[in-house]
Structure formats: C-alpha cells, structure tokens
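Letters A, B, ... mirror the listed sequences (proteins, then strands); counts begin at 1.
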Number of protein chains: 2
Amino acid sequence: MYNVSEINYYWTEIYYHLHLPHKEKITHQVIRILQHIEKNNGIGIGEVATYLNVSHNTASENVKRIIQKGYLQKQRDLSDERKVILCLTDTGKDVLYRNTSLDEEKLKKVLNQFSSKDRQMIEQGFRTLSEGVKKCM
Amino acid sequence: MYNVSEINYYWTEIYYHLHLPHKEKITHQVIRILQHIEKNNGIGIGEVATYLNVSHNTASENVKRIIQKGYLQKQRDLSDERKVILCLTDTGKDVLYRNTSLDEEKLKKVLNQFSSKDRQMIEQGFRTLSEGVKKCM
DNA sequence: AGATTATATCTATATATACGATACATATTA
DNA sequence: TAATATGTATCGTATATATAGATATAATCT
C-alpha cells in the first residue's frame, strides 16, 4: 500500500525549501501560459484561450502584455498565416525557470549529504515517475 | 555524478501533468503567504512582510484581503496582544492544496502502472529528499 | 509618562484580468 | 469570385489586486 498524500507532503516540503527566490511580480495565469507554451509546440492564441478557459480576446491581450514584458515571441504559422505561433524568449525561459524549478545550488547541497546510492535512488525515482506520467496522461 | 538539471526537468514535467485544475484567480504572493504560514507556526504580519520583502502596511493589507476571501484567520498572541497570529482556514488549506500539490487521483493512476518495487522506490526517493532538505536548509 | 513595537487604515497609483463589441486579414467554400 | 468562416487584434470598460507613504491605534517596555 502506498500513500499519495505522503508523497504530496514531501512534494510541498521540497518545493517550499528549495524553490528559487521570487524576483519578479508575476501571476499564476502568466506562469501557466509560459509553461503551457514551453511544454507544447505550435501553441497559438486560440489554444491559450482554451487551456485557460478564457475568451479569445482575453488570451490575446494577456499574450500581448507578456510579449511587452519580453517573455514571449510571436511568429506567423507558415502554412496558415492567420495563425500565430508562440515561443519563449530567453528571458521568458529564465522567468519560467525561476518560478517553477528547484534552486540547483540548494539541490546540490542537499544531494551532497547523501550516499551515491541514495542519490541514485532519488534521481531514479523522479525519472521513473516523470516517464510514467508522460505515458499515462 | 548526478545531474540536478535532469531532476529539475522531471520536477516540472511531473507538476505540469499532475497539478490540480486551477479554479480560483490567485497570485503568487497569496500562495507564498499561505504556504509560509502553513509551514511555520505563529507567523504574524511582521514575519509576512519580512518574508516577502514588502512594507508592513502592504503585508497588512494583503493579509486583510486574504482574510476577506476566507483563506486566513487571525488570533491575538496571548503573551503579547499587539501581535497577530495567522492560520489557514479550511478553505485556505484547500486553496493552498489545489495550487501547490499534485492531483492525488492522477498520481494514483500513474503509480498504479508501476510494480510495487518501483512505487516504493519513488516514495522512498521523495521521502529521503524531503527529509534531507529539512536537515540541510 | 514616554518610547518602542506590532498592526491597521486612509489615500493614491499602477497594473492585471476579464469581457463584449468591433475590426481585419487570411483561409475555405459554394 | 463572392460569401462565409476562422484566427487574431483592438477599443472601451469594469473590477480586482498590489504596493507605498502617511498616519493612527493599541499594547508593551523602560
């Protein structure tokens, strides 16, 4: 018997202690948009609207503001020039990283405490779960 | 040799696919406040201000709005009645949960794919890392 | 009593989010 | 080719949020 609540507790503890410092003011919507674009190719305004469950004009305006901040870039789809294709700028990747990832310096420090066997187990656990997630979802 | 970037990649993949649906409009500041209060006891306005690096009045107003939404509760510290002690309401716990944890239904589904040996390895990996983090940070 | 501390409130400003209505350019179809 | 559909952009408007400075209040300490 395994306990998913327990895993969730570990999950939040790890993030609480290892997240990066939050520099920029940013909302969840913006992070969701950045992450959705980063994790999928060829995302346009329409897909953003559907994903966030907001109207097209809201998505368009939200994306415009994110472009103004320099986090996103626009291209036109060559096969259908009505469509926009969005991708992250380097700044956008950096912002997304700082708001969703673990601080690698802290993580290194923590991992250094462990035996190499334990480290391997941790890494293997994450890898296995991540790969299982992609197969299943 | 272990690779922290790889762990980070797994980390974001897992969260992207397993996070709960985002119902409420919420900012990062609010989640940071809720999480900081949940992970520590006896937090007041002053500590919130220090933690977020904002002025005391900003922290006070922010907390006031969060209380209005029903996510936080106030008590006075019995030993020093100037001080406020903040704690999460049930709604607040629920909101924090939905914005920082993994969807337990999805997680169960993913874990069910694995052998019990793999499941144990994953759980053990999280536990070990979580405990290591608390020792180290 | 006076100073310090912790919090609260008032005012003002900037920004984010959202939607409806409308416009426009590019496909697609009859 | 004319009519329609599709994808996006913009305008006007409304609301919520975040922030700070100035000031106030209440409890505590010296």
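D:dT19 atom P lies 10 Å from atom CD1 of B:I66, rounded to whole Å. The nearest whole Å value for the distance from the CZ atom in A:R76 to the P atom in D:dT6 is 17 Å. To the nearest angstrom, P of C:dT7 lies 14 Å from CG of B:L72. Distance, B:R32 CZ to D:dA18 P: 10 Å, rounded to whole Å. Following rounding to the nearest Å, B:K64 (NZ) and D:dA16 (C1') show an atom-to-atom distance of 14 Å. For B:Q75 and C:dT7, the CD to P distance is 13 Å, given to the nearest whole Å. Rounded to an integer number of Å, the gap from A:E24 CD to D:dT19 P is 13 Å. Separating the CG atom of A:D80 from the P atom of D:dA5 is a distance of 17 Å, rounded to the nearest angstrom.
Residue B:N62 places at least one side-chain N or O closer than 4.0 Å to OP1 or OP2 of D:dT19. Contact between the side-chain N/O atoms of A:S55 and the OP1/OP2 oxygens of C:dA18 is not found at any separation under 4.0 Å. Put simply, B:S60 has a side-chain N or O that comes within less than 4.0 Å of OP1 or OP2 on C:dA8. Contact annotation: B:K74 does not reach the phosphate of C:dT7 (side-chain N/O to OP1 or OP2, under 4.0 Å). Contact annotation: B:R65 side-chain N/O to D:dA18 OP1/OP2 distance is under 4.0 Å. Proximity of B:K25 to the phosphate of C:dA16: no side-chain N or O atom is located under 4.0 Å from OP1 or OP2. Close to C:dA16, at under 4.0 Å from its OP1 or OP2, lies no side-chain N or O of B:T27. Distances shown here put a side-chain N or O of A:K69 below 4.0 Å from the OP1 or OP2 atom of C:dA16.
Summarising the geometry of B:Q29 relative to B:V54, their closest heavy-atom pair is NE2-CG1, 4.2 Å, with the distance given to 0.1 Å. Between B:V30 and B:K69, the closest heavy-atom pair is CG2-NZ, 4.5 Å. Considering all non-hydrogen atoms of both residues, B:I26 and A:H28 come closest at O-CB, 3.6 Å.
On a pure distance criterion of 3.5 Å, a polar donor-acceptor pair joins the side chain of A:R82 and the base of D:dT6. One can find a donor-acceptor pair under 3.5 Å joining the base of D:dG21 and the side-chain atoms of B:N57. Below the 3.5 angstrom threshold, one finds no donor paired with an acceptor across the side chain of B:E81 and the base of C:dA6.
Of all nucleotides listed (C:dA8, D:dA9, D:dT10), D:dT10 comes nearest to the side chain of A:E61. The side chain of A:V54 lies closest to C:dC19, out of D:dT10, C:dT7, C:dC19.
Residue-level contact check: B:Q29 touches the backbone only, with heavy atoms under 4.0 Å from sugar-phosphate atoms and none from bases. If you check every strand for non-hydrogen atoms under 4.0 Å, B:V30 touches sugar and phosphate atoms only.
Rounding to the nearest 0.5 Å places OG of B:S101 at 6.5 Å from CG of B:L96.
Ring geometry for A:Y15 versus B:W11: interplanar angle under 30°, hence parallel rather than tilted (30 to 60°).
Between the side chains of B:R32 and B:Q35, no donor N or O sits under 3.5 Å from an acceptor N or O.
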